[in-house]
Student: 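Sharing a structure, written as structure tokens. Questions coming.
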Amino acid sequence: MRGPLLSACGVTKRFGGRIACRDVSFDLWPGEVLGIVGESGSGKTTLLNCLAGRLAPDGGSVTYETLSAGIVDVHHLSEARRRLLARTEWGFVNQDARDGLRMGVSAGANIGERLMAVGARHYGEIRREAIDWMTRVEIDADRLDDRPTTYSGGMRQRLQIARNLVSKPRLVFMDEPTGGLDVSVQARILDLLRGLVEGLHLSAVLVTHDLGVARLLTHRLMVMQGGMVVEQGLTDQVLDDPQHAYTQMLVASILPV
Amino acid sequence: MTSSRPALRVCGLTKSFIVHAQGDLALPVLRDVALSVSPGECLALVGPSGAGKSTLLRSLYGNYRADGGSIRVRQDEAWTELVGAEPRTVLDVRHRTMGFVSQFLRVIPRVSAVDVVAEPLRRRGSEPAEARRRAEFLLAMLGIPARLWSLPPATFSGGEQQRVNIARSLIVDYPILLLDEPTASLDAANRDGVVELIRQRRDAGAAIVGIFHDTGVRDAVATRVHEVLPPAQPAGVSPGVAA
């Protein structure tokens, strides 16, 4: 049996005197989708950024098993190698699509750029692949040459997902991928993500404050409060039989529809 | 059809709920539960409302977290322990070995009834077209009109949703099946269809544990009963009831 794809060991991050996340450890196995839930300010996004190599932790380590070079310590890689990893084996879906897209170039270029980063050179091929991905995320192919500035919020988010997945990453980090979108748009993106994660056998770490999103997309959950993981386990077990006082409060706070 | 080697073996199972919002109130539900089910058997859980039948069933599936004891499932010719297991171990057992039919369908936005049903089979690597055919077969058998198959089940009636749920849980031939009131909101004709499906699975060698309030359904499918006692009473003093 293969080992874990991503391992966090004692990850700690401080901002000045304030501890944003403290002593977080877990293993993410191939094909697993891990959700990180908790209220705003609980340290979810800080942890995600530490995992994805975007923020250097003050303590602990993050290791990842690369396709070609074995297990690497994400924070001991050179900046160039970390960027290469982020462009090839990883994806990162930001809450605000504007942070994950280049707003000044066409949708097609946004998708094509990722392909070129992994070595694609044939223009016709790149364009064909871009059109294929536009269709998979349910955007009309005739919007290929439009800039994302002309897209709606939901379309931008779907374009960001296409840009991230076109290069066939093994691990995708997602920060509130449906935050700030209308519920109908949210449902469409959740359905899309669900199908893609399953179909491409992706591993993912998903940060969300929405327990419904977590139930739909994740296998496992970590519940964070005040920078610490207070509970973790199988998603439906954590939500249906929460053990920690904070998790019980979170689950009890969901408004029934 | 009963084989001597059990597919599921439970011993010393203990479960209580701690409600932190109520001053860490402890509600003991299961104490020292022991049972064992072999292929071809259907064990009916009986007991008064609130005795913990659903809690027991959900604990077997790993949906509720057991406090102690052992739940072992036969998989790949070996026992897999579920109490205290890693999430991926539980998911693997659910994926290949143990199915659960709950009373309610958890609706997934935008996904059609036929795809909801076909999903577990697709996940196990079946051809999408083949999974779809089998899903349609089951939906037809359970009396869901063909015009509904391509619609998301969110707007279906309670009984229709329950039958979609049953089809989804029975599309894979799980060696172990857990059934929580599978016929609760069904009319007589549809109930008979579900009973027939459960009997087929049992006779084909599935090990089944279920809660059936309808005594007619219970008599039709169960080969044994297991009494679940309310937590106030000491465990193990009630004589077993034979089916």
Side-chain angles (χ1 to χ4, degrees), chain A residues 1-5 26-35 138 178 183-195 197-199 201 203 212-213 215-222 230-253 257, chain B residues 15-27 29-30 54-67 71 76 82-95 100 102 104 106-112 115-116 118-125 128 131 152 154 180:
Chain A
M1 179 130 193
R2 281 165 56 201
L5 191 62
F26 69 88
D27 289 327
L28 181 77
W29 295 81
E32 266 188 340
V33 180
L34 169 71
E138 305 174 21
T178 58
V183 278
S184 60
V185 178
Q186 235 188 57
R188 196 166 176 189
I189 289 182
L190 288 175
D191 177 30
L192 178 75
L193 279 175
R194 221 173 139 265
V197 165
E198 200 185 297
H201 200 64
S203 305
V213 169
R215 192 188 281 273
L216 208 56
L217 290 180
T218 70
H219 302 123
R220 273 167 66 194
L221 278 187
M222 291 201 312
V230 294
E231 178 165 356
Q232 55 179 316
L234 205 59
T235 296
D236 62 84
Q237 186 257 295
V238 170
L239 296 178
D240 293 339
D241 184 19
Q243 310 286 311
H244 191 274
Y246 178 69
T247 319
Q248 291 188 354
M249 188 276 290
L250 274 187
V251 170
S253 307
V257 182
Chain B
K15 166 74 189 163
S16 36
F17 294 98
I18 311 286
V19 188
H20 292 291
Q22 307 279 330
D24 296 350
L25 174 72
L27 301 168
V29 182
L30 305 175
S54 274
T55 297
L56 172 54
L57 209 59
R58 284 166 176 265
S59 300
L60 298 182
Y61 197 57
N63 178 229
Y64 285 174
R65 184 187 293 200
D67 300 333
I71 298 168
D76 302 331
L82 295 183
V83 175
E86 288 283 322
R88 63 202 178 93
T89 305
V90 181
L91 288 173
D92 181 51
V93 166
R94 289 181 182 182
H95 182 63
F100 189 95
S102 64
F104 305 103
R106 198 171 284 287
V107 177
I108 305 161
R110 295 214 321 155
V111 181
S112 69
D115 286 335
V116 167
E119 188 181 76
L121 207 54
R122 271 203 331 266
R123 262 197 214 149
R124 287 163 61 110
D180 189 357

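Below, chains carry the letters A, B, ... as their sequence lines are ordered, and counting in each starts from 1.
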Student: Starting from the C-alpha separation in whole Å, work towards a yes-or-no answer on salt bridge (charged side-chain N to carboxylate O under 4.0 Å, His left out) for R123(B) and E198(A).
Tutor: CA-CA 8 Å; R123(B) 262 197 214 149; E198(A) 200 185 297; 3.5 Å; yes
Student: Is it the backbone or the side chain of F17(B) that comes under 4.5 Å from a heavy atom of chain A, or both, or neither?
Tutor: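 Side chain only.
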Student: Check R220(A) with E86(B), please: is the shortest side-chain N to carboxylate O separation under 4.0 Å?
Tutor: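 Not counted as a salt bridge, because no side-chain N and carboxylate O are separated by less than 4.0 Å.
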Student: With a 4.5 angstrom heavy-atom cut-off, which part of L216(A) approaches chain B: side chain, backbone, both or neither?
Tutor: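 Answer is side chain: those atoms of L216(A) sit under 4.5 Å from chain B.
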Student: For chain B, find which of Q232(A), R188(A), E32(A) contributes the most heavy-atom pairs closer than 4.5 angstrom.
Tutor: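 If we count pairs closer than 4.5 Å to chain B, R188(A) comes out on top.
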Student: Taking only Lys NZ, Arg NE, NH1 and NH2, and the carboxylate oxygens of Asp or Glu, determine whether D241(A) and K15(B) approach each other closer than 4.0 Å.
Tutor: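 Salt bridge present between D241(A) and K15(B).
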Student: Whether the side chain of Q248(A) engages the backbone of H20(B) through a donor-acceptor N/O pair (distance < 3.5 Å, no angle test) should be reported.
Tutor: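 Judged by distance alone, yes, a pair lies under 3.5 Å.
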Student: With side-chain contact (heavy atoms from CB on, under 4.5 Å) as the test, pick out the partner of N63(B) among L239(A), D240(A), L234(A).
Tutor: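 Going through L239(A), D240(A), L234(A) one by one, the side-chain contact (heavy atoms from CB on, under 4.5 Å) with N63(B) is satisfied by D240(A) alone.
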Student: Please report the interatomic distance NE2(H244(A)) to CD1(I18(B)), rounded to the nearest 0.5 Å.
Tutor: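 Nearest 0.5 Å value for the NE2-CD1 distance: 13.0 Å.
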Student: Salt bridge or not for D236(A) and R94(B), using N-O below 4.0 Å?
Tutor: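 Counted as a salt bridge, because a side-chain N and a carboxylate O are separated by less than 4.0 Å.
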Student: Stepwise, does the side chain to side chain contact (heavy atoms under 4.5 Å, CB included) test hold for R194(A) with V111(B)?
Tutor: CA-CA 11 Å; R194(A) 221 173 139 265; V111(B) 181; 4.2 Å; yes
Student: Could you pull out the closest heavy-atom pair between G233(A) and P87(B), with the gap in Å?
Tutor: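 In this case the closest contact between G233(A) and P87(B) is C-CG, 4.0 Å.
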Student: For W29(A) and R88(B), which heavy atoms make the closest approach, and how far apart are they?
Tutor: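 In terms of heavy atoms, the two residues are closest at CZ2-NH2, 3.1 Å.
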